[in-house]
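Below is one structure, written out as structure tokens, with a few remarks after it.
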Amino acid sequence: MTFGQQPIANGFLKPEQFKTEYYFEMACAFCEKCGCFQLLEQPSPEQMFNENYAFFSGTSKHMAHHFAEFAAHVQQDYLSGANDPFVVEMGSNDGIMLKNFAAKNMRHLGVEPSKNVAEAAMKAGVNTINQFFNEETAKQIVAKYGQADAFIAANCMCHIPTLHSVVKGIELLLKPDGVALFEDPYLGDVVDKTSYDQIYDEHTFLFSVQSINYLFGKCGMEIFDVEPQTTHGGSMRYVIARKGKRTATERLKQQIAKEEELGLHLKETYERFRQNCEKSKKDLRELLTQLKNEGKRVVGYAATSKSTTILNYCNIGPDLIESICDTTPIKQGKFSPGKHIPIVAYEEFKKSYPAYAFLFAWNHFKEVMEKEDAFKASQGKWIVHVPQVKVLS
Ligand code: TMP
């Protein structure tokens, strides 16, 4: 299946860059052998993760809280018995997770390829190296600091085309009893909710329990627990150790059964998913066109990376959505990738409420609703596209 020509999802740009903007064909496929749902073509990592990388994890309060909980869980359940434990995070961004370890003076190391966010982490007192994580990096870390008790990652593993080198690196990095915990958007949620906007250049893969077990099995490791998460509209945390070291939990067995029920291993499931995406596109275009014909103002709420897929797949430009407000300063004053909708400061939204706001940050629904009473009071209405396109009453 294809989502057509797509630009770099986080490539917010200035008008002088429009002419040279990079596009790629965003086609996906399901592999019956390994159970992975993946992009067939992807821009180079350097094109996506560079000094202009516009995604700062620390911009969401809810995510900061989520990572504090994740860190506390790792400390309590997996590090409390260890002597001078050492934890390594891959894709540590601005240090949002690791600062919880740094605050407890725990040995930690962030491995982050984007220079600007890595520098922000270092300024915040989080030990970070500005590199991609792979087998070679793991060897360097072990030589300098010794093996790790825990390897963690959040919303990062699914970004990496050279996954096998990462998994080998994890195996090299971990002590014999060490554990790896990582979470990523979950294929089961994407299929179930038609949240196709989880598919964009950075998300090389959408994982399931089945696919992760296959992948780590190649390096003598296995999943022994899973923890479904509500973040990113539905994620899965996988907990992995060397084979035979830990007992599989009931929760893991139940999740495997659920995946079979959902048909995540069957190619028919993805044909149905494709049809659902096409329907979502049609419904959204019809709704926005109708609102335009009625002369209603529609703005976008939060210039998320996911919004790039929606706007380009559904061919929605400034004629249908006049602007997108966002709290991240580096995005403001720029234009959305591909469709070139102006990105404005969040304050602009509050200054002049539109009739409708398209909630691109639908995965932060609760956090947004809690702070937007005044928009509702102004008779403003929310548009969402997941699980179906609708105007919330
Ligand atoms: P994402 O985590 O879904 O990709 O969304 C991140 C973007 O959304 C980031 O640019 C900040 C923006 N955002 C807002 O502007 N306001 C909000 O209330 C939230 C939750 C996010």
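First listed ligand is number 1; within each ligand, the first listed atom is number 1. Predicted, not measured: the structure shown is a model, and the values here were computed from it.
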**OP:** Side-chain contact test, heavy atoms from C-beta onward, threshold under 4.5 Å: evaluate it for K381 versus K376 and give yes or no.
**Re:**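 No - every pair of side-chain heavy atoms lies 4.5 Å or more apart.
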
**OP:** Look at the side-chain heavy atoms of Ile, Leu, Val, Met, Phe, Trp and Tyr, link any pair under 4.5 Å apart, and say whether V142 and M221 land in one connected group.
**Re:**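 In one cluster with V142: M221, yes.
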
Atoms in ligand 1 flagged as close to [X], the criterion being non-hydrogen separation under 4.0 Å:
X    : result
S305 : 4 (O)
N363 : 3 (O)
A302 : 8 (O), 12 (C), 13 (N), 14 (C), 15 (O)

Original post:
Name the one of Q198, H203, E202 that satisfies side chain to side chain donor-acceptor pair (under 3.5 Å) with Y200?
Top reply: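 That would be H203; it is the only one of Q198, H203, E202 passing the side chain to side chain donor-acceptor pair (under 3.5 Å) with Y200.
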
Original post:
Does the pair E261/K258 count as a salt bridge with the N-to-O cut at 4.0 Å?
Top reply: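 Result for this pair is no, no salt bridge flagged.
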
Subject >> Selected option - heavy-atom contact closest to atom 17 (C) of ligand 1, from E367, H232, K371, H364 >> reply: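 Shortest heavy-atom distance from atom 17 (C) of ligand 1: K371.
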
Under-4.0 Å heavy-atom contact with ligand 1, by part of [X] that carries it:
X    : result
V368 : side chain
D326 : both
K306 : side chain
Y346 : neither

Original post:
How many angstroms lie between atom CD of E372 and atom CE of M369, to the nearest 0.5 angstrom?
Top reply: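 It is 7.5 Å, given to the nearest 0.5 Å.
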
Subject >> Heavy-atom closest pair, residues E89 and A153 >> reply: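 Shortest heavy-atom separation between E89 and A153 comes out as CG-CA, 4.4 Å.
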
Subject >> L311 versus K339, closest heavy-atom pair with distance >> reply: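 Taking L311 first and K339 second, the nearest heavy atoms are O-CG, 3.7 Å.
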
Original post:
Taking distance alone, with no angle check, do T304 and ligand 1 share an N/O pair under 3.5 Å?
Top reply: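 There is no such contact.
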
Original post:
Is the closest heavy-atom distance from Y301 to ligand 1 below 4.0 Å?
Top reply: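 Yes, Y301 has heavy atoms under 4.0 Å from ligand 1.
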
